[in-house]
Amino acid sequence: MASQTLQQHRPKNEPVISTTTTTTMARQEAKRTKAKRALRSLAIAIVVPLSLTMTIIFMFGSGHKYQALDKPFWFPPLWFIHIASLGSSFLMGFASWLVWADGGFHTQSDALPLYIAQISLSIVWDPLVLVMDARRLGLVFCCVNFGTLLACHDCFRRVNPFAKDLVKLCVAWAAYLTIVSFKLVFI
């Protein structure tokens with residue numbers, strides 16, 4: 001009966017503010033803030049390796065020596081090498097963000113240095129092989145990149161299974177590029 005008397009004395013246009021409503025609003029605001037930070041960090045994790053790869057492609061991407069070679073039919077055209085390199089950078093950036101979001105760079109101390117080494121090695125191959133025609137050195141870099149990707153796969157696997165699957169695609173591309181680099185040494 002006391003609740004009925006309270007409702008009768010309250011004006012009809014006055015909003016009812018309860019502690020559950022303010023708590024819910026605070027939680028929603030906290031979730032929104034967290035989502036904004038997550039999207040910002042995702043954008044950085046993807047844009048940085050992608051822009052590094054794109055810069056290398058624009059600076060050294062002509063590959064006149066590679067295009068002039070008499071290559072087997074299964075060698076990729078230059079445009080495919082560039083698109084696959086961009087795709088690999090995108091996938092590694094996304095996989096690294098998944099690992100970072102799960103706290104993997106703190107728990108797996110090798111994950112971040114391996115990721116940085118992999119990105120560095122992957123962007124060096126293009127100018128080495130396609131522009132400077134340093135095929136043997138390119139093969140060495142490609143083999144080290146392949147090994148680094150396998151180590152990244154192992155570290156990422158412990159933290160996030162989806163990140164591990166993304167790295168598998170990059171490992172497949174690096175394996176193909178290693179075979180192409182090996183064949184380029186003997187052409």
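Applying the salt bridge (Lys or Arg N to Asp or Glu O under 4.0 Å) test to pairs two or more places apart or on separate chains, none has a residue in residues 171-181.
Both Leu98 and Ile116 are members of a single hydrophobic cluster when ILVMFWY side chains are connected at heavy-atom separations under 4.5 Å. Under a hydrophobic clustering in which Ile, Leu, Val, Met, Phe, Trp and Tyr are joined whenever their side-chain heavy atoms come within less than 4.5 Å, directly or via other members, Phe186 and Phe141 fall into different clusters. Linking ILVMFWY residues whenever their side-chain heavy atoms come closer than 4.5 Å, directly or via other members, places Phe162 and Phe156 in the same cluster. Residues Leu150 and Phe182 are members of separate hydrophobic clusters, defined by side-chain heavy-atom contacts under 4.5 angstrom among Ile, Leu, Val, Met, Phe, Trp and Tyr.
In this structure, Leu137 CG and Cys142 SG are separated by 11.0 Å, a value rounded to the nearest 0.5 Å. For the atom pair OG of Ser96 and CG of Leu42, the computed distance is 9.0 Å after rounding to the nearest 0.5 Å. Distance CG/Leu52 to CD1/Ile119: 8.0 Å, rounded to 0.5 Å. Atom CG of Leu121 and atom SG of Cys143 lie 11.0 Å apart (nearest 0.5 Å). A distance of 10.0 Å separates CG of Asn145 from OG of Ser181, quoted to the nearest 0.5 Å. Taken to the nearest 0.5 Å, the CD1 atom of Ile81 stands 12.0 Å off from the CG atom of Leu86.
Contact of the Leu184 side chain with the Phe75 side chain is registered, since non-hydrogen atoms from C-beta on lie closer than 4.5 Å. Under the 4.5 Å side-chain criterion, counting only non-hydrogen atoms from C-beta, Cys152 is in contact with Met92.
Of all the heavy atoms in Gly93 and Pro49, the pair that sits closest is CA-CG, 4.1 Å. Across Leu114 and Ala151, no two heavy atoms sit closer than the pair CD1-CB, 3.6 Å. Closest heavy-atom contact between Thr148 and Ala117: CG2-CB, 4.1 Å. The shortest non-hydrogen separation linking Pro127 to Ile123 is CD-O, 3.3 Å. The nearest pair of heavy atoms linking Val48 to Ser51 is O-OG, 3.0 Å. The two residues Tyr115 and Ala45 make their nearest non-hydrogen contact at OH-O, 4.1 Å.
Around CZ of Phe105, the count of heavy atoms belonging to other residues, nucleotides or ligands within 6.0 Å exceeds 12.
Using a 30° and 60° split on the angle between ring planes, Phe90 and Phe94 fall in the parallel class, below 30°.
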What verdict does the side chain to side chain contact (heavy atoms under 4.5 Å, CB included) test give for Leu91 and Val167, after you've listed the backbone C-alpha separation in whole Å, the side-chain angles of each residue and the deciding distance to 0.1 Å? CA-CA 7 Å; Leu91 290 175; Val167 175; over 6 Å; no

Check against side chain to side chain contact (heavy atoms under 4.5 Å, CB included), Arg135 and Ile187: CA-CA 10 Å; Arg135 297 176 191 174; Ile187 289 181; 4.3 Å; yes

Is there a side chain to side chain donor-acceptor pair (under 3.5 Å) between Trp125 and Ser85? Walk through the geometry before answering. CA-CA 10 Å; Trp125 183 87; Ser85 296; over 6 Å; no

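One N or O on the side chain of Lys71 and one on the backbone of Tyr66 form a donor-acceptor pair closer than 3.5 Å.
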Pair up each side-chain donor or acceptor in residues 168-180 with any protein partner under 3.5 Å, not counting sequence neighbours, and list the distances.
{"from": "Tyr176", "atom 1": "OH", "to": "Trp74", "atom 2": "O", "distance (Å)": "2.4"}
{"from": "Thr178", "atom 1": "OG1", "to": "Ala174", "atom 2": "O", "distance (Å)": "2.6"}

